[in-house]
Structures are given as structure tokens and as C-alpha cells.
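What's counted below: heavy atoms across the whole structure, side chains too, no hydrogens, waters or symmetry copies.
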Amino acid sequence: MLKDLVETKIIKAIEIAISKGQMGELKDCPDSVLVELPKNPEHGDRAISIAMKLTKEAKIPPRSIAEAITKYIDRSGLTEVEIAGPGFINLKFDWNTFEETVAEINSKQENFAQLNERNKPEPDVKSVLLEYVSANPTGDLHLGHGRQAVLGSALANLFKKAGYKVHNEFYINDAGAQIEKLGKSCKEAILINEGLMDKSAYDEENNYPLDSILEFITKDYYQNKIGVDYKAISEYEYAQLAKQRFLDAQKDILEKAKVPFEKWYSEKDSLHINGKVEAACQRLLEKAKAYQEDGALWFKAKEFGDERDRVLKKQDGKFTYLAADLAYHQDKLSRGFDRLINLWGADHHGQIAGMKGILEAAGEDSSKLEIVLMQMVSLTKNGQEVKMSKRAGDVVTITDLIAEVGLDAFRYFLVESQANNRIVFDLELAKKQDKDNPVYYIQYAHARCASIIRNISEERMNTETQKLEPALVDKKLLAQWQEDFKSSKNLFALNFQGLSEVEEKSTKQLILFLAQYPDLIYEAALNRAPNKIAHYLKELASIFHQFYTHNRVISDNQELVKSRLSIVSATKTILKDGLDILAISAPEKM
RNA sequence: GCGCCAGUAGCUCAGCUGGAUAGAGCAACUGCCUUCUAAGUAGUAGGCCAUAGGUUCGAAUCCUAUCUGGCGUACCA
């Protein structure tokens, strides 16, 4: 990797400079060095700011440090080493280094940025359990869930790329008050629909909206499931059957949205029925971290940094979500994950202290639990905000939204922003299939790469003579080329002789940016920020379009065609790889 | 009241583990299709990085306070 190459050179140079006593009071060589892609190309192909950072410890001015380092830098592969500004060390590479970078991408392909035990971020975190969406099975998924689903699945892909083992889990909240409410709502809704109950008796305040229930549940559904009279079953049975229906619908849409869960974890079946919640509470009681008061069981949350104590078991004998969450997270930890990452809506941020506190109280290591908070998503249509009130029943479901804007745009707009920022989802923009829409901009770059590769090996219509001309390169030769692309043949220096300034600049700019990709994976995974991938791709697309404009690939000069095609091929690989992480399609043709 | 998140070009956002003149896209204006997809590209214009202090060689980035907006502050989840 280009970064490793530079880092090694710098570290070696620092070591030599220290041994020669030219680094002031600095004794220990840093074990990593920040290697940056300068914004301004005049500042070199890569820039190192280490001299400024070492100045405090070395107690000599940054420029003196830079001078000492540059004196001992191994110059192979470099054409220029320059000290600039307050003490930046700016490097420029020779064509061979550029060619090796392209060859590395073409040879490793989708593994170019595959990090591993050796170079992944957080070496001590090898396996991660990602829990997200975790909606109540009482309705369709809405936009907020959609954001979690997209971010979560993109994060899972990103983690895999960054060398983590990932397990995706959906926690089914199928116990408690929501489910009881669901049973009552469903039973009454069916009875009303069958004319057996007066609509005015339906408690809209405390039930789910009638219309949204009836959209999913019918008399026939129950009739078919139970085979006896639907009127005969209890609210509990209504709830269980409705739950299954909603859950199936959620599974269905999530699968379509490329959100893969390895496990659907039922709160009811895995925690309540087998007494795990009760047991977890009991253990807290034994540790004297819980107490009885006013007929309820309380957790001493205040001892663990929360604002007040929290109820675990209510007066009515039922457990709160906190009790179940404790049991659930202990179960997760017992499965041996190094890190538990939960994606939560920002409206739940108040629960973090309680959740971490109760794990501590239970004797667990709460630092293994990490909560990623996501701010709200709102929807605008023609500049007007679309209200999404569950009560009013006009929730915008992700099923509707995907049908309306398409999966690629849906995923892109929900992953583009960082989790901390609110999203205003612009329906009109997402629906646009033109340059205003960044999804198409990125996909177009990929399709362009594909098209060039295709055109080279296919017969082409000459627009002047209206005759079919033979392919520039036949399929066999192209296959041979693609093998050649995997190794550095020292062709760039030869074939790129006499490039114009703009040609050379745009070519180098593209390769330098491609070389950044593994660093991006590292950064994005460490920061749990798949949005960085989206922004990188947008910029890569832009840089590629510039390259495309200034460097005609297909020409009579076969050797030049070959050199440029190797760059196009590498670009296509990276675009596809990034789009795969976001689970957005990479079309060969548009 | 207290807590969390945000406040960067007219709009949507990057940049935030301090670094060299603050970047894109859209919208506005001027160019570029006989040539690999113009779903593209070249350029012009647009900014007291919410405000005020502080930390230092250096701050959009870190700290403190203030202002504005969103969210939370249950024996709901």
C-alpha cells in the first residue's frame, strides 16, 4: 500500500536521524505517521506533518526536524522530497510507484481494502454484535427504522471489510404492553369490520389506528390460521397471530432492502418464557443493587450515574423494558462478542446511562456496549414537510417509500448523512433520475468504466462510414491484458511520455485518490461512519469523470490504451467495492 | 430547569483524533458533443465556519459561556 510505503520510509528516516543525534531531545521514534493526501496538488502527492508534531518533544523547530528527516529518506520511487510551509514534508512519486498502486488494485480487486488482524482498527475488537431496527411487531416499518436498517447493514458490510467478524441481530419486542394493545386493537378491528361492534366504541387514543390494522389483518387471515371461529379466540391469540403477520412483513421488506439479519431474537421466547428476565432481576437483588418499594422492584440506578432509580418489575407484576434489556444484553455478552453495538434513535438517548449502569451493577463490563445514536428523519415533498404521526395513521412506511423512489436512492439518501445529523429526506430529489441525484452520478461513473472496457473488445459502428469496424482488442488479448494489469510492467513511464499537463495531472489525481481507499475503510469503520464511503464515492466519481474528459482511452496507440485501461479497470473495482458496502447497485450500463 | 445532538456559500451537506489560501453538489451566469454514454466537463460568482472569550507556533476543528433549532427527561418502548 502506498501509505505503508511512505510510512516506512519516514519512520526509517526518523530512526536514522535520531541515531545521528539530529532530532534534538527526541529519543523514541513514533510507531505510526499520519500520511495525508494534500488538498492542493502543488503540495505533493502525499504530505507528512510529523515534524510539527514532534517539535514539542524534540524541542527544536519543526523545519529543523523536517530537514533532518528528509536528509535520510530513501528516495527510491520518489521524484521529489520537499519541505514546505511550517515544516510539511511533501513527496512526489515516480510513474513506477503510480503503476504499482494500480497493479495492486487490479491484482487484489475486492480485497484491495480488505483489512485483517494485522492492520484493522481496534485490534482488540475482533467480533461485533450489531443490533438494529428492533421494531415492535405491531406495524410496518417507518422512515426512522429505515435509517437504522440502512445504516446498520452498511456498517455491517463496512466492518467486514475492515476485518471484524459481524453478527446482525434484530430484537423482536414481542412482549409487554405493546403486544397487549395490539391484541385488543386487532380483535376490535375485526369485529368492527364484520359489523359486530360499533365503530364509535373503538378507542383510537389507546389502540393502534384502525385503518393501519385492517390494511394487514383480515377475518380470513385469522380464520385460516386457527380453523375455528375467529370470534372465539382471546386477545392474546389475536396478538400472537397479528405479531407473526407483521413480523413476516418486516422480514420481507428488510430482505428486499438488502438488510440481512443472522438472527431474529424474540424477547418473549428467548427471555421471558424461560425465566431469564426473572433470573437477571433476582441476581441484582442478591447483589443488593435492587430493592422492593411500593409493590415494585427498583434498580438502584442512581448509584450508577443515572438521574433516578428505575423500575424493573411493575406493581402489576410485569417487567419493564429495562429488566428485559438487562437479560438480553447479558445473553449477548455470554455469547462471547468483544463489542455490542446498538443503533438507537436519538429519542432513546436518555436510556444509555441506565443501560450501562445496570450492566455494571450486574457485574458486566459496560464498556463493551456501544450505542450509536441516530437523529430523526423527516420527509419533504415539494418543499413541504410531510408529517409522520403514528397516531394519525399517516406514517410513511419504508415499503411505500422504496416503491416510490427505488431501493438505490432510498439507501443512498439514508446513508449519506452522518448519524448525528438529522435527515430531511427530499422525495422529489430522490425520485429524480438525473444529475441532481448523486446516486446516479456515482453509478454513471461505474457504468462509464464498464462501457469503456466493453467498447474496447466489441465491434464498433463507425459513425462516418456507417460500417462495423473490428474490435480494437480481441477478447483473448483483453484477457491477457487483464492479467498484465495485475503486475507492474513499467509501462506508465514509457507510455505516459509526452502527456500534456492536464492529462498527467488528472491521471495522477485519480490514482492518488484510489490509493486512499484502504485508509478510508479504516477511518469509516473506526468512526462507525458509512456516510464517509458515500462521500468518497461521490468524489471518486467526480475525479474519474475529469480523468475521462481529459484522457481518451480508446485510440490507435495500443500501448497507451493498455495503460489507461488498467486505470479504468482499477477505478471500476473501487467504485463497485464502495457501492457494495452501501448495498447500492453498480450497473454495467445505464 | 437538567441532559444529548446540531448550527459551515441562497439550499443540501463534506471537512471536526488541531495544520499550508475553508470544499462539493444544487440554484445563477459563460463555455465545451464529427471522437470511449453531455446522466458528463471547463470556468465565473457566492463565506466574520451562530456569537463572545480562552488554550498555542497554529482553531471551522479542543475548552468555557451565551444564542437558536431538534430530541429526551414514565411503574411506554
Side-chain angles (χ1 to χ4, degrees), chain A residues 34 36 38-40 42-43 47 49 52-53 55-56 61-62 84-88 90 134-136 138 173 175-178 181 267 293-298 307-308 310-322 324-325 345-353 373-376 378 383 413 416-424 426 429 432-441 443-445 447-456 460 462-464 472 502 523 526-527 531-532 534-536 538-539 541-542 544-546 548-555 561 564-565 568 589-590:
Chain A
L34 191 64
E36 289 170 298
K39 281 172 256 174
N40 185 342
E42 281 169 26
H43 296 147
S49 56
M52 276 96 82
K53 293 189 166 65
T55 189
K56 244 182 207 140
F88 289 98
N90 297 336
S134 296
N136 295 331
T138 57
N173 290 144
Q178 299 295 325
K181 189 166 124 181
E267 178 186 354
E293 192 176 294
D294 299 335
L297 180 68
W298 295 75
E307 297 167 353
R308 67 171 71 78
R310 304 282 173 183
V311 171
L312 293 167
K313 196 174 188 178
K314 299 183 266 180
Q315 281 178 337
D316 63 6
K318 288 171 182 145
F319 293 102
T320 59
Y321 72 89
L322 185 62
D325 271 354
D347 52 341
H348 291 253
H349 81 261
Q351 294 166 30
I352 297 175
L373 286 180
M374 271 174 311
Q375 295 295 322
M376 301 293 134
S378 59
F413 283 102
E416 178 196 41
S417 290
Q418 51 181 342
N420 273 342
N421 286 347
R422 347 179 13 203
I423 292 182
V424 179
D426 185 336
L429 177 61
K432 273 192 184 172
Q433 305 219 346
D434 64 19
K435 61 177 180 170
D436 291 358
N437 189 337
V439 190
Y440 290 90
Y441 184 78
Q443 291 179 322
Y444 184 56
R448 256 189 171 169
C449 293
S451 162
I452 293 169
I453 297 169
R454 210 167 37 236
N455 283 335
I456 278 180
R460 297 185 56 246
N462 186 317
T463 43
E464 270 178 38
L472 199 69
V502 66
E523 280 296 307
L526 186 62
N527 293 299
N531 63 297
K532 284 178 191 283
H535 286 283
Y536 174 88
K538 214 154 75 167
E539 199 172 345
S542 166
F544 173 71
H545 287 312
Q546 286 169 46
Y548 174 92
T549 304
H550 298 303
N551 301 271
R552 211 186 145 69
V553 177
I554 297 175
S555 72
V561 172
R564 283 180 171 158
L565 193 66
V568 172
K589 219 177 219 175
M590 284 173 83

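Here A:Gln375 does not reach the OP1 or OP2 of B:rC71: none of its side-chain N or O atoms lies under 4.0 Å away. Between A:Lys314 and B:rC76 there is a side-chain N or O to OP1 or OP2 distance below 4.0 Å. Distances shown here put a side-chain N or O of A:Lys532 below 4.0 Å from the OP1 or OP2 atom of B:rG15. Contact between the side-chain N/O atoms of A:Arg448 and the OP1/OP2 oxygens of B:rA38 is found at a separation under 4.0 Å. Contact annotation: A:Asn420 does not reach the phosphate of B:rC16 (side-chain N/O to OP1 or OP2, under 4.0 Å). For A:Gln546 and B:rA42, the shortest distance from a side-chain N or O to OP1 or OP2 is below 4.0 Å. Side-chain N/O atoms of A:Tyr548 include none lying less than 4.0 angstrom from OP1 or OP2 on B:rC33.
With a 3.5 Å ceiling on both atom-pair distances, B:rA45 lacks any Watson-Crick or G-U wobble partner. The partner of B:rC33 is absent, by the rule that a Watson-Crick or G-U pair needs both atom distances under 3.5 Å.
Sequence order on RNA chain B of the closest nucleotides to A:Ile423 and A:Met52 puts A:Ile423 first from the 5' end.
Look at the P atom in both B:rU17 and B:rA6: the space between them is 13 Å, to the nearest Å. For B:rU44 and B:rU51, the C1' atoms lie 32 Å apart once the distance is rounded to whole Å. Here, B:rC11 and B:rA50 have their P atoms 14 Å apart, quoted to the whole Å. When the P atom is compared between B:rG70 and B:rU12, the two are found 15 Å apart, to the nearest whole Å. Taking the P atom of each, B:rA65 and B:rA27 are spaced 43 Å apart, rounded to whole Å.
For A:Thr320, counting side-chain heavy atoms from C-beta on, the closest listed nucleotide (B:rC36, B:rG40, B:rC76) is B:rC76. Listed nucleotides: B:rC75, B:rA6, B:rA77. Nearest to the side chain of A:Ala296: B:rC75. Each of B:rC16, B:rC4, B:rC36 was ranked by its minimum atom distance to the side chain of A:His349; first place goes to B:rC4. Between B:rC5, B:rC16, B:rA39, one nucleotide has an atom nearer to the side chain of A:Met590 than all others, and that is B:rA39.
Residue ring and nucleobase are stacked for A:Phe88 and B:rA20, with a centre distance beneath 5.5 angstrom and an angle between planes beneath 30°.
No contact: A:Ala353 has no heavy atom under 4.0 Å from any strand. Using a 4.0 Å heavy-atom distance criterion, A:His43 is classed as a base contact. Residue A:Gln315 is classed as a base contact, given a heavy-atom separation below 4.0 Å to a base. A:Lys39 comes within 4.0 angstrom of sugar-phosphate atoms only, judged by non-hydrogen atoms across all strands, and of no base.
Heavy atoms from other residues, nucleotides or ligands lying under 6.0 Å from CD of A:Glu42 number 12 at most.
In this structure B:rC5 sits in the anti conformation; its chi angle is more than 90° from 0.
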